[in-house]
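Here the structure is laid out as structure tokens; the discussion comes afterwards.
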Amino acid sequence: MKESQGIGSPSIPPLLAMTGISKSFDGVEVLRKVDFDVRAGEVHALCGENGAGKSTLMNILAGVLQADAGRISLNGDSVAGFADAHAAQREGIAMVFQERSLFASLTVAENIFVGRQPVTSWGAIDRRKHRVLTGELLREIVPEIEPDDSIADLTSAQQQMIEIAKAMSLHAKVMVFDEPTAALSSKETARLFAVIQRLKARGVAIIYISHRLEEVFQLCDRVTVLRDGVWQCTLETADTTGDELIRRMVGRDVEMPSVEDAPARGPVLLEVRNLCDPPATKNTPGFLRDVNFQVHAGEIVGLAGLAGSGRTETALSLFGARARGAGEVRLAGKPVRIDSPIEAIGAGLGYMSEDRKDSGLFLEMSIVRNISVTSLRRFGSWWMRTGRERVVADGFRRQLGLACRNVGQNTGSLSGGNQQKVLLARWLLVEPQVLIVDEPTRGVDVGAKAEVHQLLRDFARPGRAVVMISSDLPEVLTVCDRVYVMCAGRITGELPREGLTEEAVMRLANAAGANGNHRP
Amino acid sequence: MKRGKWARGTISRETGLLLLLLLAVAAFRILFPVSWESFATFDNFASVVRNLAFEGILALGMMLILITGNFDLSVGALASLVGVVTGWLMKQAGWPVPASIVAGLALAAFCGFLNGIIVARVRVNALITTLGTMGIFSGIALLAGGPGITFLPPSFARLGQSQWLGLQAPVWMLVILGIAAHYGLAHTRFFRQFYYIGSNPKAAHLSGLGVARLQILAFTLMGLLAGFAGIAYAARVATASSTVGIGKELGAITACILGGASLQGGRGTAWGALLGVLFVATMQNMLLIKQVRPEWQGIILGLVLVFAVAIDAVLNRGRAA
């Protein structure tokens, strides 16, 4: 623990310093003159809400993105940035991903030394040296793994350890961990922390990104908060509190919710009781556990939480698009058994997916066909009445203020906001009893966002209901009548309109550590 | 919709291919006025379409599969197999002709269904699956029929050899199937679903479409059409050959891609498949008349295919930017 004495004394020059980093995408500024530094032997946490600019900053450091302005200095050498990921790697900067960058069909040793295997004087791969070197690395952090093991046989936590070993073999001076514990159990997390402590003792500078504040306090020496792409503060973790960090992360003046009057609460439309995932193994429960909530007619109910907290999984389970364990679902009082999206739609449920390009739209098909896809029978059981189909689409075009040349245009050529409106029109046409919208305004500009919100309200008002999954807290606060917060596969609390503040949501969204419920 | 496309300065692949075909014919006329005399005859036209009927029917089925985002390499072998089995039933086993044909078509549909089950339910990649079944089908065809079964009953041969307006029956079958496929794909709810599952299977699933079921149906229809092509061809030449289908699957894929399909799925029309087949057959015919060595055919058609797709890719990129 000798290193930690030096931490905080400004006399030690940082190993890595990023100064005045700015970056814009399509004219939208995502980072504005951000300063960030990390010292040798320090663990420095980077915190902020989704979209605060953490990933962009780290991608600039790793050479994946290039900054518009600012400099990066490493060991006193100042450069404008790295041209690509290889350049950053050569300078000793390593990103530790979870499993993503490993070759599943190769062995551990081959993965660690991919592209730079030790060779004999004949130029052939020196398998023995290869194994010995790998063995040395592994003994230090994961002794139970052999160099010849196949990556595919390892757990995701073990794969992460292989990523770390790979970074160590590159003699990385700076290692970036991006949400490393998102998929780890508490035991695995403890082990990861022990390894990080060891790296720290070797003088590696570590950048640690996490939404879990208890980890920040447990592991990190300093913490930097970003909000909306702007540096907020850099604090010693010893001198601050979780509440202060949350305040700094949320920070903005909370606008008064614009919900006019509390809606007349109708009867319960959707009731979810003890929804669980199937057990992962015989003795370990699945990810989703005992999810309970109710949605009344006329309501917009929010489902808040951090990325990976189980909101989308809950929606997909309800919608029959995901394997489900125990639990009961009632729609309008009647128990329903839903095993496929077809059944879900038939029962009166709709789900608007979070990733419109990946799992929402048919990009090379027309607006008309994208709207009608879930209601094809309405236009004919055999012959399609395409004229009628077009008339309906034109109606939505006017109603939603869709900006397009005509409804025959491909959806792929529309802007994000208009694409989202097309997706919404699809479900408005189905008129489900309960519509679940997942990140309905992601990547949508401010004007279209307000329009989408209004459409959702108009949809819910006459006796239907909306469940809104959103990581955009201001959106949750302005649109929702009531909010459930999820963390690590469970509902950690319910907030009525009156108790709805960003702080309250963030606290519940971080509540898992306090209860000891880590994701298995 | 049409006007929108013109206004954007781009045209569909089908229209482009039609223009290219007309251009090639016009060039042929100007460059080779003497050969033109033997090209522009009804007899030559009748022989071109007679020869393309087999691949045309395969291409219609292949178009269905390509629209759903898969492809099928086994169709040539399946056409051979079904022709041989049908011929064997009527010649060796002494079945009546209609029963043999029904049994052959049932076998064809079953083999297609099998492909579909393996791809959609067991989730083996379509390339691997149909590469495997291609080997199996052609192997069984050779085992069952040797090099082929000749002198099939005249009542059967009549089905493939009778003429109307100077064109043989398989050509008319292709025309009828083509019209049916065109209306089916353009106007029915059932076939509309093929475009959705090919364009974005995840989104189709979340929109309540039975993706796997539709994929299996597409493979089954493909099998049925392959069998139909095999039987029609066997009837025309009164011989069931075990090797007639070799390489025809690639010809069908080539024609469909030229006619506007995409290996990514979600695109293509029946009209495009027919146009693609007609284009390839016309080019081959012109090269034949000019007595160009057959080696050149592959080179020229290969160049046209790559160019057509490359130009389309460049135009699409321009549109996205």
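Below, chains carry the letters A, B, ... as their sequence lines are ordered, and counting in each starts from 1.
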Chain A contact via B:A186 - which portion, at a heavy-atom distance below 4.5 Å: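 Interface part for B:A186: backbone (N, CA, C, O).
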
What residue in [options] has the most heavy-atom pairs under 4.5 Å with chain B?
| options | value |
| --- | --- |
| A:M384, A:R385, A:M352, A:E343 | A:M384 |
| A:T374, A:T386, A:V430 | A:T374 |
| A:L316, A:I345, A:V373, A:L361 | A:V373 |
| A:R356, A:M365, A:R369, A:E364 | A:R369 |
| A:S381, A:A321, A:G320 | A:S381 |

Test your reading of the model: is there a side-chain donor-acceptor pair from [X] to the backbone of [Y], 3.5 Å cut-off?
| X | Y | answer |
| --- | --- | --- |
| B:S207 | B:L209 | no |
| B:K202 | A:D358 | no |
| A:Q409 | A:I367 | no |

Is it the backbone or the side chain of [X] that comes under 4.5 Å from a heavy atom of chain B, or both, or neither?
| X | result |
| --- | --- |
| A:F319 | side chain |
| A:S353 | side chain |
| A:L376 | both |
| A:L363 | backbone |
| A:R377 | both |
| A:D355 | neither |

Note, A:V272 side chain near A:V295 side chain (heavy atom, < 4.5 Å):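 With C-beta onward as the side chain, the pair stays apart.
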
4.5 Å side-chain heavy-atom contact, B:L274 and B:L174: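 Counting from C-beta outward, B:L274 and B:L174 do come under 4.5 Å.
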
Between B:F191 and B:Y195, ring centroids under 6.0 Å: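 No.
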
side-chain contact (heavy atoms from CB on, under 4.5 Å) between B:R13 and B:I257, worked out: CA-CA 9 Å; B:R13 183 96 63 80; B:I257 299 289; 4.1 Å; yes

NZ or CZ of A:R464 within 45° of A:F459 ring axis and under 6.0 Å: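 Pair A:R464/A:F459 counts as cation-pi.
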
